[in-house]
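Before any comments, here is the structure.
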Amino acid sequence: MEAGLVSKRLKTTLDIFTSLNKVPQSLEDDFEKYILSIKGKSEYGSIKQKIDEKQVNGRQFESKFDLLVEKEKVEKANPNKKDNNLQLEIVKNQLEPVIFDNFKKPLSELKLSSGVSIVPRRQVQKPKPQYHPSWKLMRVISGHTGWVRCLAIDPSNEWFATGSNDRIIKIWDLASGKLRLSLTGHISSVRGLEISNRHGYLFSCGEDKTVKCWDLEYNKVIRHYHGHLSGVYSLSLHPTEDVLLTGGRDTHARLWDMRTKVQIHCLSGHTNTISSVKCQSNEPQIMTGSHDTTIRCWDIRAGKTINTLTNHKKGIRCLEMHPNNEMFVSGATDNIKQWNCEDLSFVQNLEGHNTIVNCIAINSDDVMVSGGDNGSLYFWDWKTGYTFQKSQVAPQSGSIDSEAGIFEMKFDMSGTRLITAEADKTIKVYKEDDSLIDN
């Protein structure tokens, strides 16, 4: 049993190294001898006697390998006889220790019977994570009467907007946390918000199947985008073109002309709710994540799927782009995965959350934060995937423990403030712990 296992492993090793050096493998008598030499070394390595002649019962053997072959024959021929033990003792006492010079040499000098050198495998060195200061809670903002489902940061970094299950969009001062304005118009939960960095517009979507464009100069709705057949859960603005991407429960993502309200494409292919959509200036310009466990990348001109990423085993809940690198990250119930935008290749897996990952935020200092459905908040180093801080959000007094979920989070434009929208009807603001930096 053990000899067969050793044979299989040696054969696998031989196949690997011969394929690397492009030399045909040789599995002749030398290979069998090599197996027997390994076995002889393991069983008779403690024998220290050396003899010149190797004889058993008056028979002459040409090599050490023949003795091992004889031992195998004796074991198979008389497995139950006591005489067998005597013959084995003769073999054991007269056998020179099977310790070959090859085992005393460095691995780089070893050669197989085919003449192929064995190259030692390099040990994979894990990169050291970059130091990041810890983060602490700075402010808790209350004002909504329902779960806070979404938020968006103003490009000027002066204010931010939040949307809630109470059907109201509230605009807050970023520095003081005071309420500036409340916008009403949705007749159901507000699920997505986006602020244009090229126009003075705020876009919102909700479970009432509507997508609205708000003019922030007059604080009223100026455009409606009709077409979705069910709730709209996510929206994204293209950074360089006047187009708007939305996705929701009807399993279709829709691309709109921002000014004329015309639907450019209806992107079909997902088989379940689309929970997150993203636009970027580089290819692929459109990405969608769905509860059908897939991420689809789309051709913005043809309106067709370029590639489908199927690595996740659970439904996708969020997608987030890195602000500096051409990479993005996806969060789901199973884990978090990093991807390369250029070739859509998988980079690494980030594990640790034991719950649904609802949202992810990344700043320019390679700090990635993920929020879970149970209120867990994880801070990661982007390059190494190392978790340098874990915290559990405590729900607001008066709320039950199940209302500790984090639905959305964003870094401000400076990357030094983290804003979270949570199920306990509050907005929390985090900052780096300056006291630890000074010490």
Side-chain angles (χ1 to χ4, degrees), residues 149-152 191-194 205 207 211 228 230-239 243-255 265-280 282-300 303-323 326-351 353 355-362 368-373 380 405-410 421:
R149 302 304 299 254
C150 55
L151 63 88
R191 297 296 297 267
L193 289 174
E194 281 286 333
C205 64
E207 295 181 3
V211 181
H228 279 284
S230 189
V232 188
Y233 291 167
S234 180
L235 76 166
S236 179
L237 293 171
H238 197 283
V243 294
L244 170 68
L245 178 65
T246 59
R249 193 179 173 189
D250 60 1
T251 72
H252 290 79
R254 300 176 191 271
L255 191 67
H265 291 303
C266 179
L267 308 176
S268 60
H270 285 294
T271 59
N272 207 331
T273 301
I274 296 176
S275 57
S276 182
V277 296
K278 287 294 176 183
C279 287
Q280 63 171 354
N282 300 326
E283 294 293 342
Q285 298 187 46
I286 297 176
M287 288 180 289
T288 58
S290 171
H291 289 183
D292 63 6
T293 74
T294 64
I295 303 169
R296 286 181 177 264
C297 304
W298 305 83
D299 186 344
I300 194 172
K304 296 182 179 180
T305 303
I306 300 174
N307 202 340
T308 303
L309 308 177
T310 60
N311 295 47
H312 278 286
K313 304 303 180 185
K314 301 288 185 180
I316 312 296
R317 295 303 181 101
C318 58
L319 299 174
E320 189 63 34
M321 311 298 302
H322 193 283
E326 290 190 5
M327 298 178 68
F328 72 97
V329 66
S330 59
T333 307
D334 50 0
N335 47 41
I336 302 170
K337 297 182 186 294
Q338 287 183 1
W339 309 86
N340 195 328
C341 288
E342 294 182 0
D343 54 0
L344 299 176
S345 60
F346 171 74
V347 178
Q348 66 175 336
N349 225 11
L350 306 180
E351 297 180 350
H353 273 291
T355 184
I356 300 171
V357 179
N358 285 328
C359 52
I360 296 174
I362 311 167
M368 186 182 79
V369 189
S370 58
D373 209 37
W380 312 78
I406 303 173
F407 291 128
E408 183 65 282
M409 62 173 59
K410 298 279 187 183

For [X] and [Y], indicate whether the former's side chain and the latter's backbone hold a donor-acceptor pair under 3.5 Å.
X: Thr273; Y: His291; answer: no
X: Ser276; Y: Gly289; answer: no
X: Ser275; Y: Ile316; answer: yes
X: Ser290; Y: Asn272; answer: yes
X: Ser234; Y: Val277; answer: yes

Measure across [X] and [Y] and return the closest heavy-atom pair with its distance rounded to 0.1 Å.
X: Leu235; Y: Cys205; value: CD2-SG, 3.5 Å
X: Ala253; Y: Thr288; value: CB-CG2, 4.0 Å
X: Gly247; Y: Val232; value: O-CG1, 3.6 Å
X: Val369; Y: Met409; value: O-SD, 3.5 Å

**OP:** Compare all side-chain heavy atoms of Leu344 with those of Cys297 and state whether any distance is below 4.5 angstrom.
**Re:** yes
Original post:
Heavy atoms, side chains only, cut-off 4.5 Å: are Leu267 and Arg296 in contact?
Top reply: no
Subject >> Stepwise side chain to side chain contact (heavy atoms under 4.5 Å, CB included) check, Met321 with Cys341 >> reply: CA-CA 9 Å; Met321 311 298 302; Cys341 288; 3.8 Å; yes
Spacing of [atom1] belonging to [X] relative to [atom2] belonging to [Y], to within rounding of 0.5 Å:
X: Ser268; Y: Lys304; atom1: OG; atom2: NZ; answer: 11.0 Å
X: Glu194; Y: Leu151; atom1: CD; atom2: CG; answer: 10.0 Å
X: Leu309; Y: Ile295; atom1: CG; atom2: CD1; answer: 5.5 Å
X: Met327; Y: Gln338; atom1: CE; atom2: CD; answer: 5.0 Å
X: Asn335; Y: Ser330; atom1: CG; atom2: OG; answer: 8.0 Å
X: Tyr233; Y: Arg191; atom1: OH; atom2: CZ; answer: 5.5 Å

Original post:
Hey, which of Thr251, Asp292, Asp250 is the one that makes side chain to side chain donor-acceptor pair (under 3.5 Å) with His270?
Top reply: Asp292
**OP:** Test Ile336 against every option in Met368, Glu320, Glu351 by the side-chain contact (heavy atoms from CB on, under 4.5 Å) rule and name the one that passes.
**Re:** Met368
Subject >> Reference residue His238; test side-chain contact (heavy atoms from CB on, under 4.5 Å); the match among Leu255, Ile286, Ile300, Leu244 >> reply: Ile300
Subject >> Phe328 and Trp339 aromatic ring geometry - parallel, tilted or perpendicular at 30°/60° bounds >> reply: parallel
Original post:
When you look at Met287 and Gln280, which way does the side chain to side chain contact (heavy atoms under 4.5 Å, CB included) test go after all the steps?
Top reply: CA-CA 9 Å; Met287 288 180 289; Gln280 63 171 354; 4.2 Å; yes
**OP:** List the steps and the verdict of side chain to side chain contact (heavy atoms under 4.5 Å, CB included) for Ile406 and Cys359.
**Re:** CA-CA 7 Å; Ile406 303 173; Cys359 52; 3.7 Å; yes
Subject >> salt bridge (Lys or Arg N to Asp or Glu O under 4.0 Å) against Glu342, all qualifying residues, sequence neighbours excluded >> reply: none
